[in-house]
Amino acid sequence: MSCSLASWGSILPRRFYARPAERVARDLLGAFLVHHLDGTTLAGRIVETEAYLGREDRAAHASRGLTDRTRVLFGPPGHAYVYLIYGIYDCLNLVAEPEGAPGCVLIRALEPVCGLDGRQASGPGKLTRAMGISLRHNGQDVTGGPLVVRAPQRRQVPPIDVTPRIGITHCADWPLRFLVRNNPYVSRAAPAGSRASRG
DNA sequence: CCGCGGATCTTCT
DNA sequence: GAAGATCCGCGGA
């Protein structure tokens with residue numbers, strides 16, 4: 001992999017995101033998160049995601065309904081939802097589902113591709129720090145602009161593991177975490193017994 | 001290797 | 001006023 005644009009596919013269109021969050025989360029594996037910042041390009045391959053749903057998902061911010069904070073989640077798909085966690089780290093999500101229906105995908109780990117200069121991007125808090133992503137990106141369109149997601153150049157689906165989500169107390173056993181199998185850049189390995197797959 | 005506590009602050013009750 | 005989609009460093013086995 002390199003910083004050359006030829007290494008990546010085209011920008012994922014809005015219709016890619018206008019689907020159930022768990023489908024979007026799965027299909028984002030292998031795609032590239034690309035950030036053009038201050039004349040430089042930062043990029044990484046998405047290797048770990050989690051889906052967060054709507055009302056029924058008590059682990060999701062959207063389960064509390066429409067508030068100032070969750071407005072972006074109810075808006076059109078293909079936008080960034082960035083929030084501050086524990087007063088320290090910013091977490092990046094991509095809004096899924098058709099407009100009006102809440103749902104998003106938390107980006108949890110990247111395999112460094114370009115410009116990260118040795119910075120770790122494994123873990124949602126470290127990822128945003130490495131990529132220069134912060135609260136100012138909240139609500140930004142990721143189908144055009146400085147922060148975009150691009151398809152793999154070849155539409156090859158990597159082997160995928162499915163596990164419960166990390167660090168939550170509600171709905172802690174729902175299988176909504178997706179990771180590229182055996183990839184060394186995932187934030188945590190798949191717990192024993194929770195392994196599932198799709199080729 | 002595993003578990004625990006602290007940092008730090010926004011959001012919602 | 002409490003909890004929280006995190007991370008790091010410490011102590012013990």
Side-chain angles (χ1 to χ4, degrees), chain A residues 17 20-29 31 33 44 46-75 77-97 101-112 116-140 142 147 149 160-180 182-195:
Chain A
Y17 300 95
E22 52 267 55
R23 290 280 300 282
V24 177
R26 182 187 286 272
D27 292 346
L28 277 170
L29 293 180
L33 184 67
I46 298 172
V47 296
E48 180 182 347
T49 61
E50 285 177 358
Y52 285 85
L53 312 181
R55 273 289 177 193
E56 72 282 12
D57 183 3
R58 295 214 36 232
H61 291 170
S63 71
R64 302 290 183 183
L66 181 59
T67 66
D68 279 345
R69 179 206 214 183
T70 61
R71 184 142 316 180
V72 176
L73 292 173
F74 289 81
H79 289 249
Y81 168 55
V82 184
Y83 70 94
L84 182 68
I85 183 66
Y86 296 111
I88 305 177
Y89 298 100
D90 299 322
C91 289
L92 170 67
N93 302 254
L94 303 178
V95 176
E97 308 278 348
C104 65
V105 176
L106 172 67
I107 310 300
R108 284 194 55 93
L110 300 178
E111 177 179 329
L116 293 184
D117 195 30
R119 283 176 299 226
Q120 298 288 330
S122 300
K126 295 166 69 177
L127 177 158
T128 52
R129 183 166 294 180
M131 290 286 289
I133 294 167
S134 64
L135 292 176
R136 83 194 126 91
H137 292 87
N138 188 41
Q140 272 195 203
V142 297
L147 182 67
V149 182
I160 292 170
D161 285 337
V162 185
T163 81
R165 294 171 292 184
I166 302 292
I168 55 172
T169 55
H170 300 294
C171 308
D173 57 345
W174 292 16
L176 293 176
R177 175 175 177 247
F178 303 89
L179 40 84
V180 175
N182 295 330
N183 187 284
Y185 295 97
V186 301
S187 65
R188 294 169 58 168
S194 61
R195 176 160 284 212

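Quick note on labels: first sequence line is chain A, next is B, and so on, each numbered from 1. All values reported here derive from a predicted model rather than from experimental measurement.
Checking Arg177(A) against Thr163(A) by side-chain atom types alone, a donor-acceptor pair falls below 3.5 Å.
Following rounding to the nearest Å, Arg188(A) (CZ) and dA5(C) (P) show an atom-to-atom distance of 14 Å. Atom CG of Leu179(A) is separated from atom C1' of dA5(C) by 16 Å (rounded to the nearest Å). Protein atom CZ of Arg64(A) is 14 Å distant from nucleotide atom C1' of dA5(C), rounded to whole Å. Rounded to whole Å, the distance from CD1 on Ile133(A) to C1' on dA5(C) is 16 Å. We find that CD of Gln120(A) is positioned 14 Å from C1' of dC8(C), with the value rounded to whole Å. Whole-Å rounding puts the His170(A) NE2 to dA2(C) C1' distance at 12 Å. For Leu66(A) and dC12(B), the CG to C1' distance is 14 Å, given to the nearest whole Å. In this structure, Leu106(A) atom CG and dG4(C) atom P are separated by 16 Å, rounded to whole Å.
A donor-acceptor pair is defined here as one N or O able to donate and one able to accept, closer than 3.5 Å; such a pair exists between the side chain of Thr67(A) and the backbone of Thr70(A).
Proximity note for Lys126(A) (side chain, C-beta onward) versus dA5(C), dC7(C), dG4(C): the nearest is dC7(C).
Across residues 47-61 of chain A, not one residue has a non-hydrogen atom less than 4.0 Å from an atom of DNA chain B.
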Side chain to side chain contact (heavy atoms under 4.5 Å, CB included) evaluation trace for Leu53(A) with Trp174(A):
CA-CA 11 Å; Leu53(A) 312 181; Trp174(A) 292 16; 4.1 Å; yes
Can you list the steps and then say if Val72(A) with Val95(A) is a side chain to side chain contact (heavy atoms under 4.5 Å, CB included)?
CA-CA 8 Å; Val72(A) 176; Val95(A) 176; 3.8 Å; yes
For the pair Arg108(A) and Glu50(A), evaluate side chain to side chain contact (heavy atoms under 4.5 Å, CB included) and give the outcome as yes or no after the intermediate values.
CA-CA 7 Å; Arg108(A) 284 194 55 93; Glu50(A) 285 177 358; 3.2 Å; yes
Dot-bracket for DNA chain C, 5' to 3', Watson-Crick and G-U pairs with both distances under 3.5 Å, [ ] for crossing pairs, | for partner on another strand, reads ||||.|||||||.
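Evaluation of the side-chain contact (heavy atoms from CB on, under 4.5 Å) rule for Leu29(A) yields Ile46(A), Thr49(A), Ile160(A), Phe178(A), Val180(A) as partners, not counting sequence neighbours. Arg165(A) pairs by the side-chain hydrogen bond (donor to acceptor under 3.5 Å, both in side chains) definition with Asp57(A), not counting sequence neighbours. Annotation: side-chain contact (heavy atoms from CB on, under 4.5 Å) contacts of Pro20(A) (sequence neighbours excluded): Glu22(A), Arg23(A), Glu97(A).
Here Thr128(A) contributes atom OG1 and Tyr83(A) contributes atom OH; the two are 10.0 Å apart, rounded to the nearest 0.5 Å. Interatomic distance, CE of Met131(A) versus CG of Leu110(A), reported as 6.0 Å (0.5 Å rounding). In this structure, CG in Leu94(A) is found 8.0 Å from CG in Leu147(A), a value given to the nearest 0.5 Å. Rounding to the nearest 0.5 Å places CZ of Arg55(A) at 9.5 Å from CZ of Arg64(A).
Not one side-chain nitrogen or oxygen of Arg129(A) sits closer than 4.0 Å to the OP1 or OP2 atom of dC7(C). Taking only side-chain nitrogens and oxygens, Thr169(A) comes nearer than 4.0 Å to OP1 or OP2 of dG4(C).
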Collect all protein-nucleotide pairs involving nucleotides 1-11 of chain B in which both atoms are nitrogen or oxygen and the distance is under 3.5 Å.
residue	atom	partner	partner atom	Å
dT8(B)	O2	Tyr86(A)	O	2.3

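Asp68(A) comes within 4.0 angstrom of no nucleic acid atom, judged by non-hydrogen atoms across all strands.
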